[in-house]
Amino acid sequence: MQTYVSPIWRHFPSDLVSRTERCIRIASERLENNGRGRIFFRADDVAAPGDKFGRLMDIFKRHRVPLCLAVVPAWLTGRRWQYLKDLGAKKSSLWCWHQHGWRHVNHETDGKKQEFGTSRSRPDIKRDLVQGRQRLEDLMETEFYPVFTPPWNRCSLDTLQLLGELGYVAVSRSRGSMPQAPRGLPDFYATVDLHTRKERNPAVGWKNLLEELQLAISSTFCGIMIHHQRMNEAAFDFLEVLIRILVKRRELQLVNYKDLA
Ligand SMILES: [Zn+2]
């Protein structure tokens, strides 16, 4: 697992708190349909214990904010699950433990990385989905919720069709991902990427991030991606700043997939 930290987390603007407050205020004022905005956070690559993961859970617990956790089935053991469950104890209604890629490996030889891409056969994809789900259900029992987040937010049409056939509630990719999910399989898409941003120039990165946040919230649906392994002090600080601002706004509802289904 790489531990590349995006440049924005090395250059924290001094006026970031006020800029973020302003961004959320404007987004709220522009909420389409005079409606309420729904926001979810999705943490990817979950399974291994560690300080960063503990710190992440602590932030969500303290602020009583829901979190969708994409768990890599092959990385999870009974002991690890016990650890994860204990971290979330007494606040279990906040968490939505769901399925990430079986081993989180790339199978494509060229093009973008995918574990569930077009180079794989339908039976192979089905096997990885089924064994992943089985493992999570065996370990997590009723805590498991059947939503699938494909690694790198990408998967083939075969995968989407299989998810529908196997009775998954939803898939979660990025906004505008192709191919489109079949009818009956909603895509709880993420729009804001906090920790795997590609901009080399931090000022551009911050501008883009706040714009993404504002646009997504004003559209009434905003999914925010978290990669805890890539987080540094600044990233933890910002997450807390953002959550503090969001929970104060009554028109914004912080949810997990169970609320969205
Ligand atoms: Zn991942």
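Since the structure is predicted, the reported quantities are computational estimates derived from the model, not experimental observations. Just so you know, ligand 1 is whichever comes first in the structure, and atom 1 is the first atom listed for that ligand.
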Please tabulate, for side-chain N and O atoms in residues 9-22, each donor-acceptor pair with protein atoms closer than 3.5 Å (sequence neighbours left out).
from  : atom 1 : to     : atom 2 : distance (Å)
Trp9  : NE1    : Leu194 : O      : 2.8
Ser18 : OG     : Asp15  : O      : 3.0
Thr20 : OG1    : Leu16  : O      : 2.7

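- With sequence neighbours left out, the side-chain contact (heavy atoms from CB on, under 4.5 Å) criterion links Leu87 to Phe53, Met57, Tyr83.
- Residue Asp128 forms a salt bridge (charged side-chain N to carboxylate O under 4.0 Å, His left out) with just one option from Arg120, Arg135, Arg122, and that option is Arg120.
- Contacts of Leu31 classified as side-chain contact (heavy atoms from CB on, under 4.5 Å), with partners at least two apart in sequence or in another chain: Thr220, Glu251, Leu252.
- Stacking of Arg230 on the aromatic ring of Tyr4 is not recorded, the 6.0 Å distance cut-off and the 45° axial limit not both being met.
- Screening the protein for N, O or S atoms under 2.8 Å from the Zn ion (ligand 1) yields 3; no waters enter the count.
- Side chain of Arg80 to main chain of Trp75: a donor-acceptor pair is present (N/O by atom type, distance under 3.5 Å, no hydrogens or angles).
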